[in-house]
Amino acid sequence: MFRDIRPALVLLFGLTVLTGLVYPLAMTGIAGVLFPSQAAGSLITIEGKVVGSSLIGQSFTGDRYFHGRPSATTAADPEDPSKSVPAPYNASNSMGSNLGPTSKVLADRLEVDMTALRKENPGAAVPVDLVTTSGSGLDPDLSPAALLFQVPRVAAARGLPEEQVRRLVESQVQDRLLGLIGEPRVNVLALNLVLDRAAAGR
């Protein structure tokens, strides 16, 4: 009987080693050589210190910085591990909110966010990506409109002319991939770093 199943076991073992060990290690090695920055997580460093990744959003809450897209990721509650608590941009738990258009929780959160944003920039239409979460909860980008909406607040907090801050936003706009795929976008972390440099160089 062992003679009958031996070819299947050999094939199973061989394919496990090939596809589960050799192939992933080979691809990791090739990626590390050809695309070292991307293979290491597209980390952004300032003076030797890692400040974030261009692929994962992070929470900016101060008025001096542009805020990113809302994040619905969660983490275990330190008080009760069987429950979860909001943990924006938790990279170990990529997820959306799963709240639908009839959800009262979602409607209440949107109302609070919209009220705060309308006070921040009265009379301006609130861009939808400033109040909606992405499917991953880790989106590092915002539309140019969502960042231009925040210009008055950031300029006032920094003591900079609005026109200068607006030009900084426009200088960071990335076009559609190959001119066709996706929408124009701005990486919020990269923009905030440019903003810091511009303010320091005044």
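The figures that follow rest on heavy atoms only: side chains count, while hydrogens, waters and symmetry mates do not.
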Checklist entry - Could you go step by step and tell me if Ser59 and Thr61 meet the side-chain contact (heavy atoms from CB on, under 4.5 Å) rule? => result CA-CA 6 Å; Ser59 186; Thr61 55; 3.6 Å; yes

Item to check | Distance-only side-chain donor-acceptor flag, Gln150 / Arg153, under 3.5 Å | outcome: yes

Item to check | Check: Ser94 main-chain N/O paired with Ser136 side-chain donor or acceptor under 3.5 Å | outcome: no

Checklist outcome for this item: Separation between CZ (Arg185) and CG (Asp139), nearest 0.5 Å, reads 10.0 Å

Item to check | Side chain Arg158, main chain Arg64, donor-acceptor under 3.5 Å | outcome: yes

Item to check | Main-chain N/O of Ala124 paired to Asn121 side chain as donor or acceptor, under 3.5 Å | outcome: no

Checklist entry - Can you check whether Tyr65 reaches Val188 side chain to side chain, under 4.5 Å on heavy atoms? => result no

Item to check | Any donor-acceptor N/O pair, Arg176 side chain to Gly182 backbone, under 3.5 Å | outcome: yes

Checklist entry - Does the side chain of Val17 reach to within under 4.5 Å of the side chain of Val22, using non-hydrogen atoms? => result yes

Next on the checklist: Going by side-chain contact (heavy atoms from CB on, under 4.5 Å), Val154 matches just one of Leu147, Asn192, Leu195. Which one?
Outcome noted: Leu195

Checklist entry - Should Phe149 and Leu117 count as side-chain neighbours, where that means a heavy-atom distance under 4.5 Å? => result yes

Checklist entry - Can Leu130 be reached from Met114 by stepping across I, L, V, M, F, W or Y side chains whose heavy atoms are under 4.5 Å apart? => result yes

Next on the checklist: Would you say that Pro70 contacts Thr133 through its side chain, given a criterion of any heavy-atom pair below 4.5 Å between the two side chains?
Outcome noted: yes

Checklist entry - Is Asp113 salt-bridged to Arg118, going by a charged N under 4.0 Å from an acidic O? => result no

Checklist entry - What's the spacing between Leu168 CG and Phe66 CZ if we round to 0.5 Å? => result 7.5 Å

Next on the checklist: Would you say Leu148 ends up clustered with Val173 if hydrophobic residues are merged whenever their side chains have heavy atoms under 4.5 Å apart, either directly or through other cluster members?
Outcome noted: yes

Checklist entry - Between Arg166 and Glu163, is there a side-chain N and carboxylate O pair less than 4.0 Å apart? => result yes

Next on the checklist: Under a plain distance cut-off of 3.5 Å, with no hydrogens placed, do Ser143 and Asp129 share a side-chain donor-acceptor pair?
Outcome noted: yes

Next on the checklist: Hydrophobic cluster membership, with links at side-chain heavy-atom distances under 4.5 Å among I/L/V/M/F/W/Y: are Tyr23 and Leu34 in one?
Outcome noted: yes

Next on the checklist: With a 4.5 Å cut-off on side-chain heavy atoms, are Val194 and Gln172 touching?
Outcome noted: yes

Checklist entry - Under a single-linkage definition using a 4.5 Å side-chain heavy-atom cutoff for Ile, Leu, Val, Met, Phe, Trp and Tyr, are Leu189 and Val50 assigned to the same hydrophobic cluster? => result no

Checklist entry - For Glu162, does the CD atom have more than 12 heavy-atom neighbours from other residues, nucleotides or ligands under 6.0 Å away? => result yes

Checklist outcome for this item: Smallest heavy-atom separation, Pro127 atom then Ala146 atom, equals CG-CA, 3.6 Å

Checklist entry - When rounded to the nearest 0.5 angstrom, what distance separates CD1 in Ile56 from OG1 in Thr73? => result 10.5 Å

Checklist entry - Is there a path from Leu177 to Leu180 through hydrophobic residues (I, L, V, M, F, W, Y) whose side chains come within less than 4.5 Å of each other? => result yes

Next on the checklist: I need the Arg109 CZ to Thr132 OG1 distance, nearest 0.5 Å.
Outcome noted: 7.5 Å

Item to check | Nearest non-hydrogen partners of Val165 and Ala155, listed with the distance | outcome: CG2-CB, 3.9 Å

Checklist entry - Between the side chain of Ser71 and the main-chain N/O of Tyr89, is any donor-acceptor distance below 3.5 Å? => result yes

Item to check | Distance, nearest 0.5 Å, that separates CD of Glu183 from CD of Gln174 | outcome: 13.5 Å

